[in-house]
Amino acid sequence: MSDLLTLEAAQALVLDRVRALPGEAVPVWDAAGRVTSEPARALVDLPPFPSSAMDGFAVRAADLPGTLPVVGQVAAGSPASRPLDAGEAMTISTGGVVPDGADSVVPIEYVVQYDNSIDVAEAVASGAHVRPRGGDVAAGDIVVGAAVRLGAVQLGALAAAGVADVLCARRPRVAILATGSELARPGEQLGPGQVYESNGLMLAAALAAAGADIEVMPAVADDESAHREALEHGLAADVLVTSGGVSVGPHDLVRQIAAELGVEEVFWRVAIKPGKPVSFGVRDATLVFGLPGNPVSSLVGCELFAKPAVRALQGLRDPLPRLEPGRLASPLRRNAARDEFVRARFHLDHDGAVLEPLTGQESHMIVRAAVADALVHLPRGDGEVQAGDAVSWFRLGEP
Ligand code: AMP
Ligand code: MG
């Protein structure tokens, strides 16, 4: 067993083969979840003009306290028709352009209003309730840096700064192929010896959430020519992810046929549980992940290898699962030879994250795994890790 590649070495071999995809202009309306390939810069100052923060009156601070004639009206989108002169006031609403000549806004609550004038009893500070032009960002400055995944706040900032198109990494095209003569589609009646095909859908959902453009291919039987045709098709993608057929059985054909098609195998088998028989290879720019067929092994292999590759292809800087500190709620026995990834639920207490390992940790138990929101990383070694001991873990299903 000691000849197995370590997880860290295997992940490094994967990331070493990733070349970030080129950028393309994406309309901001379509850019949710995309990753910037260059910094996006403001097209305008924001605010684009000195803007009132309150409903009230635009004034010169030097004129207050006092009684001022109201000589005009400013509403959002309707600036004043002339500058404000000394000794004058104009009504103004939130978001209105503070007129030239005015330096402050007095909120309506601090004013006694007459027909054509106002009375202000207190002084105001110069600049009060005026949002200066460019106070949020100046035209030409960076709104969102490079290698950032665009979420709601980033998209709002881009739109506010007038950005209509943003340069993002092309989405990685991922082909997903399930292999196995026993696989039936949900909706069909199970025949003798059949199980429902679940990995294709699961891997598609996981990698789509990470930003990939997915093609789920029809599952193939354990048949050489079917494998040859399907793998060749999948090799046109940026990433080909297969499930099943990478173990040592006579019907495990994926590695053999991939090699015949010119895939250079970078590694096969990693010291992890579940997911040991995972393979990784490359043909030209295509990355090929052979995930084991047991559904939980497929899931773990996806989180540890395929998803980081999809992130790195988009230019994200820390593509590996983000390990966090936590404590175990109940003891776990270590595996002597392999790093184990234990399905768990987490909650927070006053000291941080607490990880509760689930029952049913076998690699075929996808339904048991479906209530997990965390994977605990249990490094290989002897003995038990006790309840309360520190462990590393990461969230399942991160983009
Ligand atoms: P394999 O890795 O091909 O030896 O498959 C290991 C186990 O996973 C077998 O019990 C398969 O029936 C099961 N399996 C393989 N592929 C899938 C799949 N796509 N969906 C659900 N189970 C699968
Ligand atoms: Mg199989």
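In each ligand, atom 1 is the first atom listed, and ligand 1 is the first ligand listed.
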- For Lys276 and Ser297, indicate whether the former's side chain and the latter's backbone hold a donor-acceptor pair under 3.5 Å. no
- Single hit among Arg82, Glu88, Met90 for side chain to side chain contact (heavy atoms under 4.5 Å, CB included) with Pro99: Met90
Do [X] and [Y] have side-chain heavy atoms sitting under 4.5 Å apart?
X	Y	result
Asp223	Ser225	yes
Val97	Ser51	no
Thr286	Val288	yes

- Task: Verify the distance criterion only: is there a donor paired with an acceptor across the side chains of Gln361 and Arg343 at less than 3.5 Å?
- Result: yes
Got the closest protein heavy atom to [atom], with its distance?
atom	value
atom 23 (C) of ligand 1	Gly293 O, 3.3 Å
atom 4 (O) of ligand 1	Asp252 OD1, 3.9 Å
atom 6 (C) of ligand 1	Asn294 N, 3.7 Å
atom 20 (N) of ligand 1	Ser198 N, 3.0 Å
atom 17 (C) of ligand 1	Asn199 ND2, 3.4 Å
atom 12 (O) of ligand 1	Glu182 OE2, 2.6 Å

Atom indices of ligand 1, in the order listed, that fall short of 4.0 Å to a heavy atom of [X]:
X	value
Glu197	18 (C), 19 (N), 20 (N)
Tyr196	20 (N), 21 (C)
Ala178	19 (N)

- Query: Can you check whether His377 and Phe341 have ring centres sitting under 6.0 Å from each other?
  - Reply: yes
- Query: Less than 6.0 Å separating the ring centroids of Phe305 and Phe289?
  - Reply: no
- Mind checking whether Val246 contacts ligand 1 via backbone (N, CA, C, O), side chain (CB onward), both or neither, at a 4.0 Å heavy-atom cut-off? neither
- Query: Does Gly180 reach ligand 1, in the sense of a heavy atom lying below 4.0 Å from it?
  - Reply: no
- Query: Does Ser243 have a non-hydrogen atom less than 4.0 Å from ligand 1?
  - Reply: yes
- Task: Give yes if a backbone or side-chain nitrogen or oxygen of Ser247 is under 3.5 Å from a nitrogen or oxygen of ligand 1, and no if not.
- Result: no
- Backbone or side chain, does any N or O of Gly245 fall under 3.5 Å from an N or O of ligand 1? yes
- Take Gln386 and Leu328 through the test side chain to side chain contact (heavy atoms under 4.5 Å, CB included) and record every step on the way to the result. CA-CA 7 Å; Gln386 302 301 328; Leu328 272 186; over 6 Å; no
